[in-house]
**Q** 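Got a structure for you, written out below as structure tokens; questions coming shortly.
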There are 2 protein chains.
Amino acid sequence: MSEAPALAVSTVIFTLRPDSTGCMKLALALVKRIRKPFQGQWALPGGPLGVNEDLSDAASRNLFETTGLQPRYLEQLYAFGSLDRSPGSNIKDRVVSIVYWALVGSDEAAEAIESENVSWFWADELDKLAFDHNLIVDYALWRLRNKLEYSRLAHGFLGERFTLAQLREVYEAVLGRELDPGNFRRMVEANGAVVATGERLEGTRHRPPQLYRYDSSIDLTDQGPLRNSTNKQEKKK
Amino acid sequence: MSEAPALAVSTVIFTLRPDSTGCMKLALALVKRIRKPFQGQWALPGGPLGVNEDLSDAASRNLFETTGLQPRYLEQLYAFGSLDRSPGSNIKDRVVSIVYWALVGSDEAAEAIESENVSWFWADELDKLAFDHNLIVDYALWRLRNKLEYSRLAHGFLGERFTLAQLREVYEAVLGRELDPGNFRRMVEANGAVVATGERLEGTRHRPPQLYRYDSSIDLTDQGPLRNSTNKQEKKK
DNA sequence: GCAAAAGTGTTTGGGTTACACCCATGC
DNA sequence: GCATGGGTGTAACCCAAACACTTTTGC
């Protein structure tokens, strides 16, 4: 009997970080490979699936092991399993990767583990990564940008309370273009997922903006019939 | 070292079939289980992944082994791997299933294999299936309905040439509601994926409708950066 | 007062929905 | 002619983009 391909779980970890000018930009966490195929190159964090472990738990776990953080949002991206994922490797070393993508709060990301072998990279200026990981990141980016427009994903980057300007900044960073503040406000108010707290953010050098929070009774995104069954996306700490 | 969970590939195979009144309805192919867990119950066709086989090839293969047909459209749905997929089974028998969904032409489906152990079922009146397969089918249905609206998926059910009424019938069967013929025509013409052949379908007992075909230069659906890389969805026979 | 961002109002145009109506064919 | 679906026209409506304008704070 021929041996089955090995199974691994990897995670694309997104966050927002301020660049040198203080402007928020989309970043993702990568680890440097210390072993043979693609040694020394950067790759997505990942590893084997535990025998007693759900797929999403494995993704969560390797997110934690890499950054020391918990995901604010976690969703399965795709299973990659083509034969040429690791050119030059023996067919016996074939790996099928089930990839998740995750959002991490930009406040928390600032305190994340960083080292010689774990680092954040700007999403729009990646070099060549190990394996087919460039393709995977491209796909994750595409999904993130698509979903942002018809869901409440932006919450994954923000704290409990935020101003509409901060929320807009998230949208602008992810979509890569500027948005009209007035229309953005109406768009957000119309969808109803955000509610005013009545509080204001003081200390700016202009009119103090109102603080909002998300309506927690609404899911971050519509996963259809999948919600609480196979993937538990809301993990209580 | 603990043993890794096994990997399987399954496929949700959709087609359209006329019901007793001649009206097209959405159907899917199931197989009867002949082995121990859930023996005698209906389940999605599937099986282990070959060592030298791409994921989509495995899905294609088990579609062919089940029905004798080739898919008109094939897309990865989701990887299901939660621990409680097979209640009562030993943890050592744990299986992670990478599920694909496929469309099969309704003309071809009429000639598909049917037997004691392989049969078509109406998508909207399924009994309890084996494992978590009801959830999987629900999710596949949700994806199909969602994608139909912003892509050219309906082509997967039709032959090379078709009338707009036939195309509309596909939409109505999948979406489960009636559509205005006039607006449907404009919607289809506006998106530009369909072109008139100039031919007409004669023999109806009313004004002969024009035959259309799809513009083959446009993909059936937008898969983002994934198109021709990990999943080869267009298989040459 | 001035700068800067918060927040509101208004116009416009594109696209969808509903529905009326004419057209071409078989019987 | 008449029934039937093919195919066209059109008015109403909704929604999103563009942009002008008012408000409220710090300095």
Side-chain angles (χ1 to χ4, degrees), chain A residues 18 21-24 145-152 154 158-159 161-213, chain B residues 18 21-24 145-152 154 158-159 161-214 222:
Chain A
T21 72
C23 177
M24 284 309 221
R145 291 190 173 121
N146 272 316
K147 283 215 147 180
L148 188 68
E149 296 182 55
Y150 57 92
S151 69
R152 294 180 28 220
L158 293 169
R161 286 193 299 263
F162 47 87
T163 68
L164 288 189
Q166 289 169 332
L167 184 60
R168 182 161 46 84
E169 198 178 10
V170 172
Y171 273 73
E172 291 178 339
V174 173
L175 298 179
R177 66 164 193 268
E178 299 202 336
L179 299 171
D180 182 277
N183 295 334
F184 182 78
R185 159 180 302 273
R186 267 185 296 264
M187 185 267 281
V188 162
E189 280 169 349
N191 109 0
V194 136
V195 292
T197 61
E199 300 164 275
R200 289 171 178 285
L201 178 67
E202 314 272 342
T204 56
R205 71 182 194 290
H206 53 78
R207 174 175 173 178
Q210 199 162 172
L211 284 166
Y212 291 78
R213 63 175 174 77
Chain B
T21 72
C23 177
M24 284 310 223
R145 290 190 173 121
N146 273 316
K147 283 215 147 179
L148 187 69
E149 297 182 54
Y150 58 91
S151 69
R152 294 179 29 218
L158 294 169
R161 285 194 299 263
F162 49 87
T163 68
L164 288 188
Q166 290 169 330
L167 184 61
R168 182 161 46 84
E169 198 179 11
V170 171
Y171 273 73
E172 292 179 338
V174 173
L175 298 179
R177 70 173 161 161
E178 300 201 335
L179 300 171
D180 181 277
N183 294 335
F184 182 78
R185 158 180 302 274
R186 269 186 295 264
M187 184 266 282
V188 162
E189 281 169 348
N191 110 358
V194 135
V195 291
T197 61
E199 300 164 275
R200 289 169 179 284
L201 179 66
E202 314 273 341
T204 55
R205 71 183 194 291
H206 53 78
R207 173 174 173 178
Q210 200 163 173
L211 285 166
Y212 289 79
R213 63 176 175 77
Y214 269 105
D222 183 11

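To find a chain, count down the sequence lines: A is the first, B the second, and so on, and within it residues start at 1.
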**Q** Indicate, yes or no, whether a donor-acceptor pair under 3.5 Å links the base of C:dC23 to the side chain of B:Arg207.
**A**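 Answer is yes: a donor-acceptor pair is held.
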**Q** With a 4.0 Å cut-off on heavy atoms, is A:Thr204 in touch with a base, just the backbone sugar-phosphate, or nothing at all?
**A** sugar-phosphate
**Q** Please confirm whether the backbone N or O of B:Pro208 pairs with a side-chain atom of B:Arg200, one donor and one acceptor, at under 3.5 Å?
**A**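 Present.
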**Q** What is the distance from CG of A:Leu201 to P of D:dG26, rounded to the nearest Å?
**A**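 It works out to 12 Å between those atoms.
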**Q** Should B:Asp222 and B:Tyr150 be marked as a side-chain contact (heavy atoms from CB on, under 4.5 Å) after you check the CA-CA gap, both sets of side-chain angles, and the distance that decides it?
**A** CA-CA 9 Å; B:Asp222 183 11; B:Tyr150 58 91; over 6 Å; no
**Q** Please round to the nearest 0.5 Å and tell me the distance separating atom CD of A:Glu189 and atom CZ of A:Phe184.
**A** 10.5 Å
**Q** Could you tell me if the side chain of B:Arg213 sits less than 4.5 Å from the side chain of B:Val195, heavy atoms only?
**A**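 They are in contact (side-chain heavy atoms under 4.5 Å apart), so the answer is yes.
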**Q** Under 3.5 Å, which donor-acceptor pairs link side chains of residues 167-176 of chain A to any protein atom two or more places apart or in another chain?
**A**
from	atom 1	to	atom 2	distance (Å)
A:Glu172	OE2	A:Leu179	N	2.8

**Q** Can you list, in residue-number order, the parts of residues 181-195 of chain B that come under 4.0 Å of DNA chain C, counting heavy atoms only?
**A** B:Asn183, B:Arg186
**Q** Out of curiosity, A:Met187 CE to A:Asp180 CG, how far, rounded to the nearest 0.5 Å?
**A**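 Here the rounded value is 11.0 Å.
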**Q** Tell me the interatomic distance from A:Arg200, atom CZ, to C:dA5, atom P, rounded to whole angstroms.
**A** 17 Å
**Q** A:Gln166 versus A:Tyr212: any side-chain heavy-atom pair under 4.5 Å?
**A** no
**Q** Check the distance between C:dT16's C1' and B:Asp180's CG and give it to me in whole angstrom.
**A**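 One finds 11 Å between C1' of C:dT16 and CG of B:Asp180, rounded.
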**Q** If you pin B:Pro208 and A:His206 to their nearest nucleotides in DNA chain D, which one's is more 5'?
**A**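 Between the two, 5'-proximity favours B:Pro208.
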**Q** I need the CD-P distance between A:Glu202 and D:dT24, as an integer number of Å.
**A**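 Going from CD in A:Glu202 over to P in D:dT24 covers 14 Å.
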**Q** For B:Arg205 and A:Leu164, take the nucleotide of DNA chain C holding the closest heavy atom to each; which residue's nucleotide lies nearer the 5' end?
**A** A:Leu164
**Q** Using whole Å, what does the distance between atom P of nucleotide C:dT16 and atom OH of B:Tyr150 come to?
**A** 16 Å
**Q** Output the rounded distance in Å from CD (A:Glu199) to P (D:dT25).
**A** 16 Å
**Q** What nucleic acid atoms does B:Gln210 come within less than 4.0 Å of, heavy atoms only: base, sugar-phosphate, or nothing?
**A**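 Counting heavy atoms under 4.0 Å across all strands, the contact made by B:Gln210 is with sugar-phosphate only.
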**Q** Send over the distance from A:Arg168 CZ to C:dG7 P, rounded to a whole Å.
**A**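 Going from A:Arg168 (CZ) to C:dG7 (P), I get 11 Å.
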